[in-house]
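For reference, the structure is listed below as structure tokens.
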Amino acid sequence: MSHIEVVILRELVAREPGFVSGAALAARLGISRVAIWQHMEKLRTQGFAFEAVRARGYRLTGRPAGLHAGLIEALLKSRRRDLPLIVLDRVDSTNDEAARLLAAGHKTPFVVLAGEQTHGRGRFGRVWHSGANGNLYASFAFRPSLPPQRMSTLTLWLGVSICELITNFCGLKAGLKWPNDLVFAGRKAGGMLTEARIDADQMRDLVFGLGLNVNSPARAWPGDLAARATSLAEQTGVPLDLNRFAAALIGRVMLAYSQFAEGDHLERFADAWNHHDVLRGHPVVLLQGDRRISGIAAGIDDAGSLLLRDARGRTQRFSAGEVTLEKVI
Ligand code: BTN
């Protein structure tokens with residue numbers, strides 16, 4: 001996507017649903033009006049639709065439903081515009097693609113987005129169903145100069161930040177299930193997977209992956225997943241603008257990451273997590289390998305560990321494991 005097309009899209013989106021004159025666009029970009037028209041014809045072939053009215057100019061009347069790199073760039077806030085974005089129709093896993101780019105020496109930070117994954121991965125090596133059905137598969141790559149123990153709060157803080165973004169974006173109240181699930185009305189709509197490579201006592205690099213069901217219909221899920229999964233669109237009842245959401249997500253994750261890197265989140269994150277926590281106060285079972293630990297979920301501590309209260313009222317902390325609710329909430 002050429003810089004000219006990104007600027008054209010930015011101007012049209014900023015004025016939506018109003019018009020932008022061809023002359024103003026031509027003057028802004030230092031090219032002829034015919035050249036503007038040619039670029040717009042190219043954008044039409046990518047799924048954009050424009051209305052052109054004499055003496056008023058152009059306005060945007062349609063946009064591609066799938067991810068579009070130029071449109072996301074056009075929608076990004078100005079301070080994020082130099083962030084490299086890799087937008088792919090299809091990839092094995094955005095986390096794997098990010099890891100390959102890191103290994104090849106790609107400058108950080110950068111973002112990999114895909115409309116479909118053929119080998120999407122979840123925690124414990126599980127499959128993350130990643131069909132081309134209007135959902136978002138995203139990975140953010142960093143090279144933090146931080147000790148590895150600082151990582152324990154990152155996924156949790158990003159989870160809180162993504163919940164806040166979702167509420168701002170479409171009004172839904174998002175829930176968090178420790179340590180990496182985004183849930184709505186008892187169903188999972190998103191999962192986070194943070195993977196880091198560690199050298200001695202420093203993190204070498206880190207990839208934060210997010211799979212978020214944005215627009216998939218309930219019928220998109222295979223087998224028994226249909227009863228456990230949901231999407232934002234299913235919850236709101238209307239499809240979301242995927243590119244606008246992706247741009248907002250990028251801005252929010254980058255902001256949350258810089259707060260994490262500075263340690264600015266430390267005072268707020270446990271309280272913020274507890275506010276979204278769907279387990280708190282419920283009887284749960286924590287699985288750690290073959291070990292099963294039952295208790296009442298009591299939120300998280302300042303290091304991000306799960307707190308469980310046992311039958312004798314003692315509280316224990318757990319930094320790893322998988323939680324299931326004793327009964328469905
Ligand atoms: C989980 O709930 O177990 C975590 C799921 C994480 C899925 C995302 S999709 C984007 C990124 N690429 C992957 O292969 N996995 C993560």
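Note that ligands are numbered from 1 as they come in the structure, with each ligand's atoms numbered from 1 the same way. Heavy atoms only: backbone and side chains are in, while hydrogens, waters and symmetry mates are out.
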Who's the nearest protein heavy-atom neighbour of [atom], and how far?
{"atom": "atom 1 (C) of ligand 1", "result": "N180 ND2, 3.3 Å"}
{"atom": "atom 5 (C) of ligand 1", "result": "W128 CE3, 3.5 Å"}
{"atom": "atom 3 (O) of ligand 1", "result": "R123 N, 2.6 Å"}
{"atom": "atom 8 (C) of ligand 1", "result": "G211 N, 3.5 Å"}
{"atom": "atom 10 (C) of ligand 1", "result": "T94 OG1, 3.2 Å"}
{"atom": "atom 7 (C) of ligand 1", "result": "R121 O, 3.4 Å"}

With heavy-atom distances below 4.0 Å as the criterion, list the atoms of ligand 1 near [X].
{"X": "G120", "result": "14 (O)"}
{"X": "S93", "result": "12 (N), 13 (C), 14 (O)"}
{"X": "M192", "result": "4 (C)"}
{"X": "A138", "result": "10 (C)"}
{"X": "K188", "result": "1 (C), 2 (O)"}
{"X": "G122", "result": "1 (C), 3 (O), 4 (C), 5 (C)"}

Would you say K173 has more than 12 foreign heavy atoms packed within less than 6.0 Å of its NZ?
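Enclosed: over 12 neighbouring heavy atoms sit under 6.0 Å from NZ of K173.
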Atom CZ of R100: over 12 foreign heavy atoms under 6.0 Å:
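Yes.
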Derivation and outcome, ring-ring contact (aromatic ring centres under 6.0 Å, His included), residues F140 and Y257:
CA-CA 10 Å; F140 296 77; Y257 179 81; 9.4 Å; no
Full working for side-chain hydrogen bond (donor to acceptor under 3.5 Å, both in side chains) between S216 and N135:
CA-CA 6 Å; S216 51; N135 294 336; 3.1 Å; yes
Out of Q117, K177, E97, indicate the one that has the non-hydrogen atom closest to atom 12 (N) of ligand 1.
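Nearest heavy atom to atom 12 (N) of ligand 1 lies in Q117.
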Of all the heavy atoms in R126, does at least one lie under 4.0 Å from an atom in ligand 1?
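It does not; every heavy atom stays at 4.0 Å or beyond.
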Decide whether [X] and [Y] meet the rule of one side-chain donor and one side-chain acceptor closer than 3.5 Å.
{"X": "S139", "Y": "N95", "value": "yes"}
{"X": "S319", "Y": "S305", "value": "no"}
{"X": "S130", "Y": "E116", "value": "no"}
{"X": "E5", "Y": "H39", "value": "yes"}

Name the orientation class of the two ring planes belonging to F245 and F169 (parallel below 30°, tilted from 30 to 60°, perpendicular beyond 60°).
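Because their plane-to-plane angle is over 60°, the rings of F245 and F169 count as perpendicular.
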Polar contacts were defined as any N/O atom of the residue lying under 3.5 Å from an N/O atom of the ligand; does this apply to S139 and ligand 1?
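The answer is no, given that S139 and ligand 1 share no N or O pair closer than 3.5 Å.
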With respect to H119, determine whether any N or O atom, backbone or side chain, lies less than 3.5 Å from an N or O atom of ligand 1.
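N/O-N/O distance under 3.5 Å: no.
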One thing to verify: whether R244 and E16 come together as a salt bridge, which I'm taking to mean a side-chain N less than 4.0 angstrom from a carboxylate O.
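Salt bridge flag = yes for R244 with E16.
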